[in-house]
2 protein chains.
Amino acid sequence: MKTPIEFSEKQIAIINAAEKLFAEKGFDGSSVRDIAQEAEVNVAMISYYFGSKEKLMEAVFEKRTGDIRIKVENLLLDSSISHLQKVNILIDDYVDKFIHQQEFHKIMMREQMINKHNSVAELIHELKKRNLEAIRTLLSEGQKSGEFKKNIDVVLMMTTMVGTVSQMISSQYFYRKVNNLEHMDEMEFQKHMKKKLSAHLKNLFKQLITNE
Amino acid sequence: MKTPIEFSEKQIAIINAAEKLFAEKGFDGSSVRDIAQEAEVNVAMISYYFGSKEKLMEAVFEKRTGDIRIKVENLLLDSSISHLQKVNILIDDYVDKFIHQQEFHKIMMREQMINKHNSVAELIHELKKRNLEAIRTLLSEGQKSGEFKKNIDVVLMMTTMVGTVSQMISSQYFYRKVNNLEHMDEMEFQKHMKKKLSAHLKNLFKQLITNE
DNA sequence: AAAAATTAATTAAACGTTTGTTTAGTTTTA
DNA sequence: TAAAACTAAACAAACGTTTAATTAATTTTT
């Protein structure tokens, strides 16, 4: 178990500012001076605390990756609910996390597009692998019980789940406009998205994994 | 009908180099000197031909947006095939275009994430709107004939289609690794992806839009 | 408990590069 | 021979990072 690194108040301010700007304009589009101003600290503090802009990005990941791991262990033990219900809870959990941490997820999306091997790519890789294994376990339990189909392509299923939510986040302004939801405030719209996405994914996957 | 702007051989070399690098490292991550070197031209030629780096990005879009519009007009007239078959052809068409123009699509994905209103965001907006309308028309034809369900959320369906393919492209290195497909060469793997994605999306949407 | 010494936090300014763009001149094309 | 294509060099601005100096906090010594 890796113990999470403790960050001071000022360090957290910098990390949050970086997260916001990286999500908005990308890594190269955000200057350390912009980040410093957003965090209301001197520019030199970034090098002082994190060493470099690159390392600051790693700190953003360090702070967040713990949070976005889906929780499946307790879910597996619970025998009071069906396997399909467990999958549905997982979907809710994922949609929820993604929407409430949009900014970090945007950074992840951008970073995973880059071919070049960087320190952050490896972090994303491992995170995805863990999530994939969690779902694989859950699905094979359902398969053993006969509730789920035998030949489920878990990777493709994950691709659709992650992809659908990512795409919704990325194009949420388009989605708002085309559905005439511009009157909603941010919170209201997030609730709307969450509800729609959850229902949509549950519907999609139910037909994909269950035996009719 | 907007007549496409004619580009000289050298201009096309620059546009292609820009497309490659923008996809790989993002707009801000690619310097005009990198682009010039990749295109084997003098740096000044970029300003000379396009005015600015920003305008070069617009030229990349100008050159490509025509190509990636899905063709639905002829498909609508064809009465020899079912509506579901038409949808499937559309899926094949979309997957095909996305995979064969990965680089441009990566740029689109990155750009649509940016909140800030830029000239390119509007182009993406209109392109998506056109594609959305095309599918909407096709689906409502199928609804009239009774082949399709009445309440289909077209926008969510598009979100899943675009999202799934985008996510597959973005994380193709992960996909390769986790499926032990590293022995395949690029062409072979693209064929594999195309096949898998098409089948997966057809399967998903069939259950989503048809009456059992 | 006060003073001194040491370490940590913070700053403005400067560093050397790299950035996108322009200039002023040269070569090529028509 | 005039217009278009092309070049190397220069431009100022912005970049990430470092420096040197100052203030604040903590520890050690008296």
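Bear in mind the structure is a predicted one, so any value in this text is a computation, not a measurement.
- Within residues 37-49 of chain A, the residues having any heavy atom closer than 4.0 Å to DNA chain C are, in order of number, A/N42, A/A44, A/M45, A/Y48, A/Y49.
- Distance alone, capped at 3.5 Å, is enough to place a donor-acceptor pair between the B/R176 side chain and the B/M184 backbone.
- No donor-acceptor pair closer than 3.5 Å links the side chain of A/K206 to the backbone N or O of A/L84.
- At least one donor-acceptor pair under 3.5 Å links the side chain of A/K86 to the backbone N or O of A/L76.
- Using a 4.0 Å heavy-atom cutoff across all strands shown, A/S8 reaches no nucleic acid atom at all.
- Contact check on A/K63 versus A/E19 returns no salt bridge, with no Lys/Arg side-chain nitrogen under 4.0 Å from an Asp/Glu carboxylate oxygen.
- When the side-chain nitrogen and oxygen atoms of B/K10 are compared with OP1 and OP2 of D/dC6, one or more of them lie within a distance under 4.0 Å.
- In this structure, A/L56 atom CG and D/dT17 atom C1' are separated by 14 Å, rounded to whole Å.
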Could you list the protein-to-nucleotides 25-27 of chain D atom pairs, N/O on both sides, closer than 3.5 Å?
none

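- Side chains of B/H200 and A/T160: a donor-acceptor N/O pair is present below 3.5 angstrom, by distance only.
- On the nucleic acid side, DNA chain C contacts chain A at distances under 4.0 Å to non-hydrogen atoms, with the end points of that region at C/dA8 to C/dA14.
- Counting only distance, with no hydrogens or angles, the side chain of A/K53 and the backbone of A/S30 share a donor-acceptor pair below 3.5 Å.
- Ring geometry for B/Y175 against B/F189 counts as tilted: the plane angle lies between 30° and 60°, on a 0 to 90° scale.
- The structure places CE of A/M193 at 6.5 Å from CE of A/M168, a figure rounded to the nearest 0.5 Å.
- In this structure, A/K196 places its NZ atom where only 12 or fewer heavy-atom neighbours from other residues, nucleotides or ligands lie under 6.0 Å away.
- For B/E6 and D/dA4, the CD to P distance is 18 Å, given to the nearest whole Å.
- A/Q167 places no side-chain N or O within donor-acceptor distance of the main-chain N or O of B/V162, the cut-off being under 3.5 Å.
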